[in-house]
Amino acid sequence: MGRIVEVEAYIGQEDPASHARIGRTARNAVMFGPPGAAYVYLVYGMHHCLNVVTEPEGRAAAVLIRAVEPLAGIDAMRAARVGAADARRGRGAQTAELSSRRIEALPAARLASGPGLVCAAFSVARTDDGLDLCDPDSDLRLEIAAGDEPLLVTTGPRIGIDYAPEPWLSKPWRFFVPGNDSVSTAAGRNRHGAAS
DNA sequence: AGTTGGATGGTCT
DNA sequence: GACCATCCAACTG
């Protein structure tokens, strides 16, 4: 269990950074479905990314969960990270042990500090594509953080979409908690946009 | 502290 | 056959 501290928005087929830009396909079909569903896909042949479908059926939009601050079940997340690392083949047993050692030494805040790492820590895979994240009985679900004091959120440009033309490339559609240790480092967690 | 390149496979033309 | 909504190790300075 954790708190989401970094997300990115991909809005509509007109957004050239979105998987929906090419229209409905077998991979992105869930994005065109009802809101609240999980859209899970594989990137770079080895990492999964978890999104939440946000707009009514027919309009493709989703929010990518980029980072989660672990709050409970930290041992399970760590074990899942080790398991995900071990699952990769083509590496010698020695390097596998080294990577396992490195994960064991990781601070809890860094267990899900990136979109691929979120899925590794929470054991999210392609088989979770289409799940209803609003189902209170589901193992994988969203909950309202009741009782928490509101967190400061700031914005910045989205990460890893250099192929997208302006103005989309610079749209401040990445939202994160500035200074939070669990925000992804690739995104440069000390940077912040206009709003504060 | 910042940059670079390799791993790796599903998906679409 | 090209293209990735990434991560990490191994470099440079």
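Quick note: numbers below take in every heavy atom, side chains included, and nothing from hydrogens, waters or symmetry partners. Reminder, nothing fancy here: chain letters follow the sequence lines and each chain counts from 1.
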In whole Å, what is the span from the [atom1] atom of [X] to the [atom2] atom of [N]?
| X | N | atom1 | atom2 | value |
| --- | --- | --- | --- | --- |
| A/L169 | C/dA5 | CG | P | 13 Å |
| A/I11 | C/dA5 | CD1 | P | 17 Å |
| A/H47 | B/dG10 | NE2 | P | 15 Å |
| A/N28 | C/dC3 | CG | P | 19 Å |

Name the closest nucleotide to the [X] side chain, picking from [options].
| X | options | value |
| --- | --- | --- |
| A/P115 | B/dA7, C/dT6, B/dC12 | C/dT6 |
| A/Y41 | C/dA5, B/dC12, B/dT11 | C/dA5 |
| A/A26 | B/dC12, C/dA5, C/dT6 | B/dC12 |
| A/M46 | C/dC4, B/dA7, C/dC7 | B/dA7 |
| A/L42 | B/dG10, C/dT6, B/dC12 | B/dG10 |

### Message
Can a side-chain donor-acceptor contact be found between A/E6 and A/S184 if the only test is distance below 3.5 angstrom?
### Response
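Yes, because at least one side-chain N or O of A/S184 sits under 3.5 Å from a partner of the opposite role on A/E6.
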#### Entry: Salt bridge present between A/R81 and A/E104 (N-O < 4.0 angstrom)
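No, A/R81 and A/E104 are not salt-bridged.
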### Task
For B/dT8, give its Watson-Crick or G-U wobble partner with both distances under 3.5 Å, or none.
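B/dT8 is paired with nothing.
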### Any-strand Watson-Crick or G-U partner of C/dA5, both distances under 3.5 Å
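Pair assignment: C/dA5 / none.
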### Query
Do A/D162 and A/L169 come close enough that some side-chain heavy atom pair is under 4.5 Å?
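The answer is yes; the side chains approach within 4.5 Å.
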#### Entry: Stacking check A/Y10 vs C/dA5 (5.5 Å / 30 deg)
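A/Y10 vs C/dA5: stacking yes.
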### Task
Identify, between A/Y163 and A/R81, the residue whose nearest nucleotide on DNA chain C lies closer to the 5' end.
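Final value for this comparison: A/Y163.
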State whether [X] places a side-chain N or O below 4.0 Å from either non-bridging phosphate oxygen (OP1 or OP2) of [N].
| X | N | result |
| --- | --- | --- |
| A/R174 | C/dA5 | no |
| A/H19 | C/dA5 | yes |
| A/R27 | B/dG9 | no |
| A/R102 | C/dA9 | yes |

### Task
Name the nucleic acid region contacted by A/R158, choosing base, sugar-phosphate or nothing; use a 4.0 angstrom heavy-atom cut-off, strictly under.
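It contacts nothing in the nucleic acid.
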### Query
Base, sugar-phosphate, or nothing for A/I161, non-hydrogen atoms under 4.0 angstrom?
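Contact class for A/I161: sugar-phosphate only.
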### Query
Mapping A/R126 and A/Y44 to their closest nucleotides on DNA chain B, which lands nearer the 5' end?
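This one resolves to A/Y44.
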### Task
Would you kindly check if the NZ (Lys) or CZ (Arg) of A/R21 is within the cone defined by 45 degrees around the ring axis of A/Y10 and under 6.0 Å from the six-membered ring centre?
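Cation-pi check for A/R21 and A/Y10: fails.
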### Query
Can you name the nearest heavy-atom pair linking A/V118 to A/A112, along with the distance?
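For A/V118 and A/A112, the tightest heavy-atom pair comes out as CG2-O, 3.4 Å.
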